[in-house]
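Just so it is clear, the values below take in all heavy atoms, side chains as well, and ignore hydrogens, waters and symmetry mates. Chain identifiers are assigned alphabetically (A, B, ...) following the order of the sequence lines, protein sequences preceding nucleic acid strands; residue numbering begins at 1 within each chain.
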Number of protein chains: 2
Amino acid sequence: MTFIEKLEARWEQTNSLLCVGLDPTLKRIPAHLQEHSEPIYQFCRAIVDATHDLVCAYKPQIAYFAGLTAEDQLQKTIDYIRYNYPHIPVILDSKRGDIGSTAEMYAAEAFDRYQAHAVTVNPYMGRDSAQPFLDRADKGTILLCRTSNPGAGDLQDLDVGGLPLYEKLAGMITNEWNTNNNCSLVVGATWPEQMARLREITGDMPFLVPGVGAQGGDVKALVEAGQRRDGKGLMINSSRGVIYAGNGYDFMDKAREVAIETRDLINQYRR
Amino acid sequence: MTFIEKLEARWEQTNSLLCVGLDPTLKRIPAHLQEHSEPIYQFCRAIVDATHDLVCAYKPQIAYFAGLTAEDQLQKTIDYIRYNYPHIPVILDSKRGDIGSTAEMYAAEAFDRYQAHAVTVNPYMGRDSAQPFLDRADKGTILLCRTSNPGAGDLQDLDVGGLPLYEKLAGMITNEWNTNNNCSLVVGATWPEQMARLREITGDMPFLVPGVGAQGGDVKALVEAGQRRDGKGLMINSSRGVIYAGNGYDFMDKAREVAIETRDLINQYRR
């Protein structure tokens with residue numbers, strides 16, 4: 001089963017477009033986990049147990065593990081999801097991008113080492129830099145297109161022949177890079193107008209949508225702008241809003257409550 | 001001493017613009033090292049010992065370590081250089097790029113965990129994504145501008161208001177992002193015309209130049225196009241050409257020979 005098939009099945013089975021981002025920082029996880037020998041793994045595992053039936057995907061962000069010399073805890077987190085909840089796709093958020101043999105090593109990192117189902121990739125170096133990821137037909141390549149941060153427009157909005165760069169890129173990905181039908185785009189929740197244009201350009205391509213919750217994206221606007229005709233097509237990511245909903249002994253219950261609220265809020269605006 | 005000061009001093013002391021890239025792959029390192037418990041560290045250490053007086057910098061590429069679950073060997077490689085050859089700047093080639101707290105974790109990965117002096121960064125997400133790196137005033141932020149791969153132009157050459165995107169970006173970095181005077185650019189050796197324009201735009205900013213050796217960049221053309229008025233300003237990277245010059249027991253001698261040849265070839269065209 002490919003990443004896209006797994007994702008489509010998951011949308012169908014759970015009726016949820018919520019993706020939970022696993023961005024664990026030692027400062028913010030509950031005090032009673034801090035003393036554990038593998039605190040961020042224990043935290044992620046608990047969040048997964050608390051939310052597994054509510055999500056279409058999990059998205060661990062590698063920087064939070066790498067910054068703490070904790071790649072082993074990232075591996076255990078992904079293994080835990082894969083073994084216990086095998087229907088849930090795991091997206092490794094690492095935004096890699098390099099050329100030739102180096103890009104092949106990054107693809108090996110994401111897909112062979114960590115066994116992720118999909119990975120985020122930065123397209124600035126061009127199609128050949130994405131090719132080692134695109135060649136993994138059963139895996140997902142989720143390309144940065146229009147990101148959610150305030151400075152996103154510095155490059156992405158520059159006018160190229162009457163189109164903003166991110167639209168031009170979306171057209172290239174749709175028409176040229178997506179020969180294995182395994183591409184998705186990162187489209188920030190903070191930009192619903194841009195998302196509507198990208199939905200027109202890309203047809204049914206899935207979007208990974210960061211920026212709700214802590215980043216403040218408007219759920220109604222983004223769902224109306226980004227959903228496909230079948231009411232699916234979006235992996236709407238919330239990280240901090242869900243995983244840090246509580247920081248006491250009841251943090252799992254709090255995370256679950258916010259995950260339910262977010263899923264239901266999203267569903268309110270779906271076709 | 002900042003990264004830029006360290007680099008300028010190194011150019012002065014060694015009279016070398018050669019940067020050696022450490023891209024170790026198990027398949028290509030000498031057979032007698034394969035059985036070692038830390039083969040890629042042993043290989044990198046030997047290459048460093050064989051070339052340390054010939055280089056202005058080393059550039060380990062993180063993907064080659066991460067793809068093999070060998071972050072510990074990367075750490076040992078960087079530590080080895082820092083302790084034994086403290087005047088040599090170490091550039092972590094990881095091409096990171098993300099937002100806010102995630103970018104801070106990537107900066108922590110490069111500068112606090114690995115103790116690199118500089119890191120390569122992908123600018124696609126805009127200035128705020130680079131800011132956590134730029135804020136480390138004593139460290140170097142080396143931004144992808146015009147890369148050496150055949151597909152580099154897919155995005156980087158797009159015309160934005162009469163300029164190619166990479167020139168527009170170089171202007172933004174020079175005039176807006178470089179407030180701590182710690183920026184450098186990645187400019188591929190395979191594009192001397194573009195490099196000449198970038199030298200005009202950026203003044204004395206250092207360029208990291210991949211693409212000589214295995215990638216076939218023309219040394220004469222790139223040195224003439226990219227050097228500053230003082231004949232410095234370039235970190236001309238060769239990875240495979242140097243480190244895989246031999247693969248028998250004499251691999252260190254072979255690497256040294258090619259490093260000397262490359263340094264001297266470069267110097268032939270300097271002011």
So, taking the atom named CG in A/Asp23 and the one named OH in A/Tyr64, what distance separates them when rounded to the nearest 0.5 Å? 4.5 Å

With chain A, the option among B/Asp112, B/Leu158, B/Asp72, B/Asp98 that has the most non-hydrogen atom pairs under 4.5 Å is B/Asp98

Please work out whether the ring planes of A/Phe43 and A/Tyr244 are parallel, tilted or perpendicular, with thresholds of 30° and 60°. parallel

The reported gap from CD in B/Gln156 to SG in B/Cys145 (rounded to nearest 0.5 angstrom) is 7.5 Å

Please check if the side chain of B/Arg146 supplies one atom and the backbone of B/Trp191 the other of a donor-acceptor pair under 3.5 Å. no

Where A/Gly21 and A/Ile243 come nearest, the two heavy atoms and their spacing: O-CG2, 3.6 Å

For chain B, the option from A/Ile62, A/Leu155, A/Asp128, A/Leu68 that forms the most heavy-atom pairs under 4.5 Å: A/Asp128

Write down the atom of A/Ile40, the atom of A/Ala70, and the distance for their closest heavy-atom approach. CD1-CB, 3.8 Å

Hey, can you tell me if B/Phe133 and B/Phe111 have their rings parallel, tilted or perpendicular (30° and 60° cut-offs)? perpendicular

Ring pair (Phe, Tyr, Trp, His ring centres under 6.0 Å) partners of B/Tyr124, counting only residues at least two apart: none

Max heavy-atom pairs within cutoff under 4.5 Å with chain A, candidates B/Met125, B/Gln61, B/Lys95, goes to B/Met125

What option among B/Thr25, B/Thr69, B/Asp159 has the most heavy-atom pairs under 4.5 Å with chain A? B/Thr69

For a quick test of reading the model, state the closest non-hydrogen atom pair linking B/Pro206 to B/Met235 and the distance between them. CB-CE, 3.9 Å

Part of A/Thr147 within contact of chain B (heavy atom distance under 4.5 Å): side chain

I'd like to know which of B/Gln131, B/Glu109, B/Arg127, B/Met105 tops the heavy-atom pair count under 4.5 Å against chain A. B/Met105

Quick check for you: among A/Gly151, A/Ala152, A/Gly100, A/Gly153, which has the greatest number of heavy-atom pairs under 4.5 Å with chain B? A/Gly151

Any donor-acceptor pair under 3.5 Å linking the side-chain atoms of A/Thr77 with those of A/Asp79? no

Can you tell me which portion of B/Arg113 sits under 4.5 Å from chain A's heavy atoms? Options are side chain, backbone, both or neither. side chain

Please state whether the side chain, the backbone, both or neither of A/Thr120 comes within less than 4.5 Å of a heavy atom of chain B. neither

Heavy atoms under 4.5 Å from chain A: which residues of residues 163-172 of chain B carry them? B/Leu165, B/Tyr166, B/Lys168, B/Leu169, B/Met172

Heavy-atom nearest pair, A/Ser94 first then B/Tyr106, reads O-OH, 3.4 Å

With chain B, which of A/Gly161, A/Pro123, A/Ala107, A/Ala130 has the greatest number of heavy-atom pairs at distances under 4.5 Å? A/Pro123

